[in-house]
Structure formats: C-alpha cells, structure tokens
Amino acid sequence: MNVLDIKDLRVEFPGRKSVFVAAEGVNLQIEAGKILGVVGESGAGKSTVGNAVIGLLQEPGHIANGEVYLHGARIDKLPYKQMRKLRGRKIGMIFQDPLTSLDPLQTVESQLVETIRTHLPLSSKEAQNRAIELINAVGIPNAAERIKQYPHQFSGGMRQRVVIALALCAEPELVIADEPTTALDVSIQAQILELMKKLCAERNVAMLVITHDMGVIADITDHVAVMYRGKLVEYGETNQVLGEPRHAYTQSLISAVPRPDIRVERFPVVDYIEAAGTPQKQIDISTHWLGKSRDYEAVSGPLVQIRELDMHFEVKGSVIPSRRKYFQAVKSVSFDIEQGETFGVVGESGSGKSTIARLITGLYEPTGGSILFGKTELTSLKNRREVLAMRRQMQMIFQDPYSSLNARMRVRDIIAEPIKFHKLASRNSEVRQIVDDLLDHVGLGAAAGQKFPHEFSGGQRQRISIARALATRPRFLICDEPTSALDVSIQAQILNLLKDLQQELGLTMLFISHDLAVIRQMCNRIGVMKNGELCEVADCDTLFEAPQHEYTKQLLSLMPSMELLSRANLETA
Amino acid sequence: MIGFATRRLIQAMIVMLVVALLAFTMFRFVGDPINQMVGIETSIEEREALRERLGLNDPIPVQFLRFVTKAAQFDFGTSYQFRQPVSELFAKRIPATLELSFMSALFALVVGIPMGIYAGLNRDSAISKMFLSVSLIGISLPTFFIGILLIFLFSVTLQWLPSFGRGETVQIGSWWTTGFLTVSGLKALVLPSITLGLYQMTLIMRLIRAEMLEVIRTDYIKFARARGLPDRLVHFRHALKNTMVPVITITGLQLGSIIAFATITETVFQWPGMGLMFLQAVQNVDIPIMSAYLLLTAFLFVAINFIVDIMYFLIDPRLRVGRP
C-alpha cells in the first residue's frame with residue numbers, strides 16, 4: 001500500500017485579476033521506505049505540491065481539486081485541528097535553509113522536547129532521553145551535551161541534522177524534504193544525503209524530496225517526477241527517467257546540467273526552456289566602441305601575478321595586541337593568470353575564494369603579499385587617480401543578481417554610471433548609444449533600458465550585471481559565483497554568454513565557483529582552495545583526471561554521480 | 001558578559017560626565033549666580049565675600065570637580081526660589097512623578113502588548129483594523145489635547161474623576177507619599193496615566209504588530225507549524241519571544257521619556273511632580289533645579305539603557321556566546 005497517494009491535485013492562488021494555477025493534474029505515489037524526487041526549475045510548482053500535502057499552503061493558495069491520501073485515509077479536506085495533529089506526527093518536513101529554520105532563541109533540546117511532547121504521551125524526562133537518542137541517530141557526536149546548546153552554536157550541516165531530527169521526532173510515516181541540501185557545501189551535502197537515505201531505509205519512512213538538483217535526484221531517489229510550469233511532464237523510475245528521458249523538457253533539463261566528466265565547448269541550450277539569449281541586433285565588436293580604443297599598456301607574460309597574498313580579519317578587538325584574535329582568510333596564496341585565459345578558483349564556503357576577488361579589486365586591503373596587475377603593483381597605488389585607472393581595467397560580477405543592482409535606478413542609468421564616472425564617452429548621446437548596444441549584445445534588447453531591475457528575472461538581471469561590468473571596457477573580469485543563484489537552464493545561457501564575450505573581447509577572467517562541473521566547463525586552469533590556502537593549481541583536464549592533492553580528490557569523489565545522466569546527455573550534446 | 005557590562009558602565013560614566021559639564025556651564029553662562037542669590041541692597045564687598053565663600057573664584061576645573069563630587073552625593077545646591085536644598089525639593093516631588101509614570105507605563109504595556117499581538121496574528125480582521133485606526137488617533141493627537149478632552153468628558157460632563165491634583169495621599173517612611181492607598185488617590189491617577197501612556201501604548205502596539213508580522217513569515221515559524229506544534233506554542237514561545245528585542249529597546253527608551261517628559265501632563269492635571277516643578281523653575285530662572293533636573297533625566301536614560309542592554313543578553317543567547 002502506498003504511504004502517500006496524490007490524485008489529480010490542482011492548487012490555485014487566486015489573485016486580484018486572475019487565478020494562478022501553481023500545480024495541476026499532479027498524480028504521485030510513494031511506498032514505505034522509498035524516496036520520490038520532484039524536480040523542476042523555480043516556479044515549476046514543486047514546493048507547492050509539498051506544502052499542499054502538509055497543509056501549509058501560503059494564503060490565499062488552496063487545493064482546488066484532487067485528493068491526497070495518507071495510508072489510504074484522505075487528508076486534504078481535514079479540518080485545521082486534525083491536520084495540525086498529522087503534522088509532525090505522521091508527516092515530517094525538512095526545509096531548505098538550516099540557518100533560518102530553527103528558532104534562534106530556544107535550545108535544540110527545548111525545540112525537540114516540545115515537539116516530542118506535542119505528539120507523544122511522554123514525561124519530560126522521557127522526552128529528553130528520546131531527544132538525545134534522536135540527536136545521536138542523526139550523527140551528532142556528544143548528543144547529551146550538544147543538545148543543551150542553541151542553534152547558532154552548530155554549523156550549517158549540523159543544523160540540518162537537527163532539523164532532520166526534529167522532523168523524525170514522532171516517527172512520521174512520510175517525510176517531505178524541500179531542497180534539503182541546496183544551502184550546503186558539497187561535502188556536507190553528501191553526508192546529509194547519505195543520512196537521509198539511511199534513515200529512510202532503517203525507519204521504513206516514505207520520503208518526498210523536492211529539489212532543482214539533478215545530482216541529488218540521481219543520488220538518492222527511487223522514483224522521480226519532473227515538473228514544468230505546474231504540470232507533471234514525466235514520472236517514472238529514476239533510472240528510466242534520467243537515462244532515457246521521453247519528454248522534451250526532461251531532455252533539455254538534463255542536457256543543461258553542467259557535466260564534470262566531459263568538457264563541452266558550449267552548453268546545450270534547448271529552446272523549450274526559455275527563448276531568450278540570442279542578441280537581437282548583432283554589433284561587430286571589433287569596430288565597436290567596446291572593442292576599440294582600449295588604451296591599456298601592453299603586457300607580456302601573465303596579466304595578474306599574485307605572490308604570497310595574506311589576509312586576516314580581526315575577530316576580537318583589544319587594546320592589547322597580543323589579546324587580539326584574527327581569522328586568517330587567505331594564507332600565503334600565489335598564482336598567475338595568463339592573458340586571455342579563464343582561471344578558476346574552486347572551494348567550499350569559507351575557503352577564501354571571494355576574499356581573493358575582493359583583494360584584487362581593492363575592496364579589501366591585503367595584510368601581506370603582492371598583487372601585480374600588468375606592470376603595476378596594486379598594493380602600492382598612491383593616489384586616487386591611479387586606483388581609478390586600475391579599477392577601470394577590472395570589473396566584477398557578483399553572485400546575487402537581486403541585491404547587486406540598485407533597485408531605484410533604471411537599467412539604462414545603472415549601465416551608464418561607470419561610463420560617465422570614468423569619463424569614457426564625450427557626449428550623452430554617445431553614452432546612450434553605447435548602453436543600447438550593450439543591452440542588445442547581452443541579449444536583453446535596448447528597450448530594457450527603460451525598466452527597473454525588479455521587472456527582470458534572475459537570469460536577466462545577471463545579464464544586466466554583465467553589461468554593467470563591460471561598460472568600462474575592462475580587460476579583466478572577475479566572476480564571483482555568477483550563476484549559483486540561477487536555474488540550470490538559465491545558468492547554461494549565462495555561461496554561454498560569458499564564453500562568447502570572452503572570445504570576442506579577449507577578456508581575461510577569474511572565475512570563482514563552488515561547483516566543480518561549472519568550473520570544468522568554463523576554465524583553462526583551476527586553483528583549489530581550502531581554509532584560505534591554495535592546495536593545488538593545475539590545468540582543467542589534468543585536475544579532473546589526475547588530481548594530486550588529497551583535498552581535490554576528496555572534492556571530486558563527493559560530486560553526485562552523473563553516470564545516470566551520461567547516456568541521455570551524450571545524445572543531445 | 002562581565003566585560004560587556006563594564007564597558008557599558010564606563011561609557012555610561014562618560015555620558016554622565018559630559019552631561020554634568022553641560023549642567024555646570026549653565027551656572028556660569030545663564031546669568032551670575034550671586035545676583036540671583038542676594039538682594040539689591042547687598043554691598044559689593046559682601047558680594048565678593050559670598051563669591052569667595054562659595055568658591056566661585058577658584059579655577060574652573062576645580063569648581064567642576066567640586067560640582068561633580070557634590071552631584072554624586074545628590075547635593076545640587078540650594079534653590080534660588082525656595083531657599084531649600086534642591087535634593088529635598090526633588091525628594092518631595094519624585095514619588096508623585098514616579099507613581100504617575102509607573103501607572104502609565106503599566107497601562108501602555110498591559111493594553112499595548114495584547115493589542116499588538118492580536119493585530120499581528122489577525123492582520124485582516126476588523127478588530128485589528130479598528131485598533132490601527134484608533135492608534136493613529138492616539139499618535140497624532142497632542143498630549144495636552146487628549147488631557148483636556150479627558151477632563152472635559154470624565155470630570156466636567158460625567159463628573160466621575162477628579163480633574164487635578166493627587167487626591168489624598170498617605171505618608172510612607174520619611175519622604176515617600178503614595179496615592180495608591182486611598183480611593184481618591186487612585187481615582188486621581190486614572191486620567192493623567194491614560195493621557196501620558198496613550199502615545200506609548202499606540203507605539204508599543206504598532207511596533208509589536210509590525211515585528212509579529214515579520215517574525216510570522218520566517219522559516220522557523222513555518223517549521224514550527226510543520227512540526228505540528230499547537231498555535232499557542234508557535235505564537236507565544238516562538239514568535240513573541242523573537243519580537244522582544246526591538247520591543248524592549250523602544251519600551252525602555254519610552255519609559256525614560258515618560259518619567260522625564262511628564263511635564264505637559266503634569267501641567268494639564270496640576271500634578272505635583274517634578275515636571276511641574278521644572279516648569280516653574282524655568283519661569284523663575286532657578287538654575288540649580290534646572291541643572292539637577294538635567295542630570296537626573298540623563299541619569300535615568302543612561303540607567304534604563306544599561307538595563308536594556310543587559311536584558312538583550314538574557315533574551316538572546318546569540319549575544320551570550322561568540323559565534324562558532
């Protein structure tokens with residue numbers, strides 16, 4: 001018998017003008033001890049399905065049609081109080097961000113005990129023991145002591161373990177995990193997925209895993225459902241769906257996933273997903289303003305030479321120098337970036353990747369070492385004029401396209417600002433023309449200049465960021481996780497755009513990412529960072545095929561297996 | 001925690017010293033104190049002798065030091081107007097002001113917090129909307145107008161409550177007088193307390209409502225619901241406690257301003273507190289009272305801020321230990 005049975009589910013969000021259908025005609029079943037994955041891009045309605053099952057749809061959303069059965073008993077029409085009793089007791093839920101899903105003001109113990117005692121008739125002492133058992137079961141050492149601590153005293157991965165323990169408090173029959181590992185590093189992700197798989201088998205729990213990550217799907221699920229714009233487009237055994245996808249959307253989604261094992265020149269972009277990306281009006285870059293009059297001094301040899309770079313931050317200030325405490329973000333890092341190449345820096349969060357980008361652009365001042373840009377030593381620039389001249393040559397593209405654009409400025413003004421600031425064009429009409437051409441070139445069209453950033457999607461905003469970065473005619477571009485906030489299909493488009501621009505303009509790039517697959521597709525040479533140190537620098541292919549450093553090997557081994565994806569991918573690529 | 005408390009204490013002392021400097025300069029620049037003290041017929045020699053006796057010829061730093069030392073022992077000199085030590089005058093007036101402030105703060109909290117919670121949890125209900133509109137009136141009407149309105153309604157028209165004074169008071173100990181123990185004293189407290197506390201109440205209500213709306217949207221509240229916790233736990237243990245940090249900040253500061261700036265309410269109701277005395281002191285250029293009032297107000301705010309900072313520690317564990 002199926003633990004969960006969803007029949008013809010339709011979820012509606014009535015709006016002021018029209019009704020938005022977030023999910024339609026969804027049919028899913030899960031057996032005990034099995035994991036069902038729901039995969040799709042943002043806005044596909046995958047989370048809506050999970051929320052509908054547990055009865056936590058955001059107002060005014062509601063189930064308009066269809067039935068949800070838990071062990072054969074219908075639950076979608078239950079009154080509020082009875083539904084509340086099912087939550088936590090029969091259905092557990094795991095959320096995406098472990099940093100925000102625990103109450104910061106309560107100890108882990110009190111959150112566990114209150115949940116256990118809500119559902120099970122236990123005394124507070126018994127509940128306490130059960131809490132310790134649970135914390136033990138999710139693999140947190142020193143359970144009896146750790147349980148007295150507050151959430152902020154746990155790392156991200158440990159907090160996600162606590163969240164899992166909370167979801168399992170009352171032995172639920174079904175666990176819904178909404179992007180359970182999206183906010184975690186690869187190594188932590190592997191551990192958490194392993195844990196979920198193990199608990200699922202041990203406790204005979206049915207699990208519904210909602211994710212956008214094909215790697216997670218391939219790794220842990222038995223069945224998979226692919227959603228696109230609220231509809232189920234494909235549903236079947238994971239092997240079958242990933243290996244021989246039948247639906248065009250599934251095929252395009254799988255082919256857009258960057259491959260860590262093989263390098264392709266361009267990402268396959270399938271029109272099924274979004275028909276944006278081709279420049280409306282081609283400009284000949286070699287004769288255009290963007291390509292000409294680059295009055296930079298010629299450099300022979302590497303464009304950027306970093307030697308023994310050091311950076312520490314003060315974490316505890318004190319009048320007495322010996323009592324100050326520092327955090328060493330970058331430890332004696334040295335590498336070169338050749339002209340015209342893309343140098344990749346890969347590492348987990350906190351490894352110091354972004355700090356290096358900020359040191360090169362001068363957002364931070366290094367505490368030691370040297371940064372040679374062309375023939376200029378960046379750490380010893382004297383006046384503002386020299387600094388500006390250097391800054392014009394390097395530009396940065398940031399991770400979060402939602403916060404890196406000024407929400408109160410029109411796109412046109414955002415892009416024109418660096419041109420005007422550096423006085424790169426003589427007349428306003430010329431600036432206008434350049435901005436229009438830039439917008440055309442990144443595939444947005446000149447008309448986009450009239451609008452404000454909030455009118456664009458994440459991918460389009462990242463195109464705006466790229467246009468802004470190009471507006472100073474830089475020769476060095478730093479991309480700090482430029483696509484990690486984007487869906488895979490959009491990511492493929494943006495990465496293609498960056499590749500094209502690099503070839504057309506002969507840009508040198510520093511590409512920072514935690515995603516090994518993306519790094520492999522984008523970079524010529526790669527540096528691996530851990531805890532502020534550079535472990536290994538190697539050619540892209542060498543690094544992936546014959547890693548030298550232990551940490552590199554470990555990182556590579558943790559990548560979700562892509563074997564299932566390979567067959568399908570080779571056909572479309 | 002102890003290190004933090006000491007640092008805050010040192011900061012508080014610096015603030016108090018700066019305020020003391022201001023209070024001290026008042027003496028020197030708002031007219032000649034000797035002129036204020038003596039009559040017209042006093043001779044120049046006598047004036048000089050008095051000046052010497054009071055130490056007004058000493059170097060300014062010495063005078064300041066003396067001022068601070070005396071102020072630290074609650075000796076603020078003698079009032080020009082009443083010819084009595086300022087500290088005695090204040091001691092007589094403080095109970096009235098503190099009792100009024102206490103009642104109005106209590107009114108603001110007891111009425112404001114539940115209203116705020118209700119309006120935050122049921123944002124679209126008719127009652128919440130009514131709370132909001134009423135609170136808008138509370139915020140926009142000036143205190144004296146509300147006071148006069150209340151007097152007109154409850155004292156003049158309905159004749160339920162007295163319109164001025166403290167009513168009968170009872171002496172407790174050597175200097176504390178209280179209105180809490182007699183019916184007329186309690187009756188007299190009602191109107192001024194509401195007048196003084198209305199603005200604070202609406203502020204607290206709106207603040208809690210806004211914070212609640214914010215917290216209710218967070219992931220940990222959603223997760224608490226997903227664990228099947230009853231609404232009572234979700235709302236009060238998880239949501240309310242998380243709204244408390246900003247609420248305590250504002251409430252603390254408002255409490256300070258209730259005590260320090262009760263002036264208008266005390267004037268409207270002829271309440272024999274410090275505010276009324278301060279107003280009279282300003283009219284009569286009674287500098288010792290003014291400077292003592294300044295110091296007292298500053299001390300009140302510094303003390304409340306200090307307590308509020310300590311309370312953060314008790315509420316938020318993230319401040320107690322360093323981040324991992």
Side-chain angles (χ1 to χ4, degrees), chain A residues 50-51 54-56 58-60 80-107 110-112 114-119 149-156 158-159 162-163 166-170 172 175-176 178 315-316 318 325, chain B residues 1-4 6-8 10-11 14 120-125 128 211-249 311-324:
Chain A
N51 288 335
I54 201 168
L56 282 176
Q58 196 91 40
E59 292 281 323
Y80 179 78
K81 278 218 162 136
Q82 286 181 35
M83 191 66 215
R84 204 201 75 215
K85 285 191 179 131
L86 281 185
R87 285 185 212 137
R89 181 73 189 87
K90 303 264 181 189
I91 311 172
M93 193 151 182
I94 299 167
F95 283 98
Q96 172 173 1
D97 190 351
L99 299 182
T100 58
S101 43
L102 296 170
D103 184 343
L105 305 185
Q106 310 276 347
T107 59
S110 83
Q111 301 192 40
L112 278 162
E114 70 179 3
T115 315
I116 294 169
R117 296 197 65 192
T118 301
H119 297 296
Q149 297 182 332
Y150 289 93
H152 71 272
Q153 289 162 292
F154 291 79
S155 67
M158 286 293 167
R159 284 196 220 186
V162 174
V163 169
L166 276 165
L168 294 175
C169 264
V175 170
I176 301 170
D178 194 347
V315 281
K316 184 168 179 278
S318 173
K325 281 188 189 150
Chain B
M1 162 101 193
I2 292 166
F4 172 83
T6 2
R7 236 175 301 143
R8 276 298 148 95
I10 294 169
Q11 284 171 5
I14 295 172
L121 293 177
N122 312 293
R123 64 178 301 180
D124 290 324
S125 83
S128 306
E211 286 293 324
M212 272 301 231
L213 288 176
E214 189 96 342
V215 169
I216 285 291
R217 274 200 300 266
T218 56
D219 283 358
Y220 53 83
I221 294 301
K222 205 177 163 202
F223 187 43
R225 286 194 203 286
R227 298 203 303 267
L229 297 183
D231 288 353
R232 178 176 44 83
L233 279 184
V234 175
H235 293 160
F236 294 98
R237 187 183 295 176
H238 294 288
L240 187 62
K241 201 172 170 193
N242 273 287
T243 63
M244 274 301 139
V245 166
V247 172
I248 284 180
T249 316
M311 274 171 85
Y312 290 163
F313 271 90
L314 299 180
I315 287 188
D316 196 335
R318 281 168 295 187
L319 296 171
R320 271 179 246 157
V321 234
R323 286 165 184 281

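Fair warning: this is a prediction, and the values are worked out from it, not measured in the lab. Residue numbers start from 1 in every chain, and the chains themselves are labelled A, B, ... in the order their sequence lines are given, proteins ahead of strands.
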Of all pairs that satisfy salt bridge (Lys or Arg N to Asp or Glu O under 4.0 Å), the ones with a partner from residues 82-94 of chain A, not counting sequence neighbours: A:K90-A:E173
Please flag which part of A:Q111 lies under 4.5 Å from any non-hydrogen atom of chain B: side chain, backbone, both or neither. both
Under 4.5 Å from a heavy atom of chain B, the part of A:I54 involved: side chain
Per-residue tally against chain B (heavy atom, under 4.5 Å) across A:K81, A:H119, A:E114, A:Q149 peaks at A:E114
Pick whichever of A:G92, A:G88, A:P151, A:S110 has the most heavy-atom pairs under 4.5 Å with chain B. A:G88
Show me the donor-acceptor pairs within less than 3.5 Å that the side chains of residues 213-223 of chain B make with the rest of the protein, sequence neighbours left out.
| residue | atom | partner | partner atom | Å |
| --- | --- | --- | --- | --- |
| B:T218 | OG1 | B:V215 | O | 2.6 |
| B:D219 | OD2 | A:T100 | OG1 | 2.7 |
| B:Y220 | OH | B:N242 | OD1 | 3.3 |

Can you tell which part of B:L233 gets under 4.5 Å to a heavy atom of chain A, answering side chain, backbone, both or neither? side chain
Does atom CD of B:Q11 have more than 12 heavy-atom neighbours, drawn from other residues, nucleotides or ligands, at distances under 6.0 Å? yes
Closer than 3.5 angstrom, by distance alone: can the side chain of A:Q106 be matched with the main-chain N or O of B:R237 as a donor-acceptor pair? yes
Could you look at A:I91 and say if it's the side chain, the backbone, both or neither that has a heavy atom under 4.5 Å from chain B? backbone
Are A:T118 and B:R227 side-chain neighbours, meaning at least one heavy-atom pair lies under 4.5 Å? no
Does CE in A:M83 sit with more than 12 non-hydrogen atoms of other residues, nucleotides or ligands closer than 6.0 Å? yes
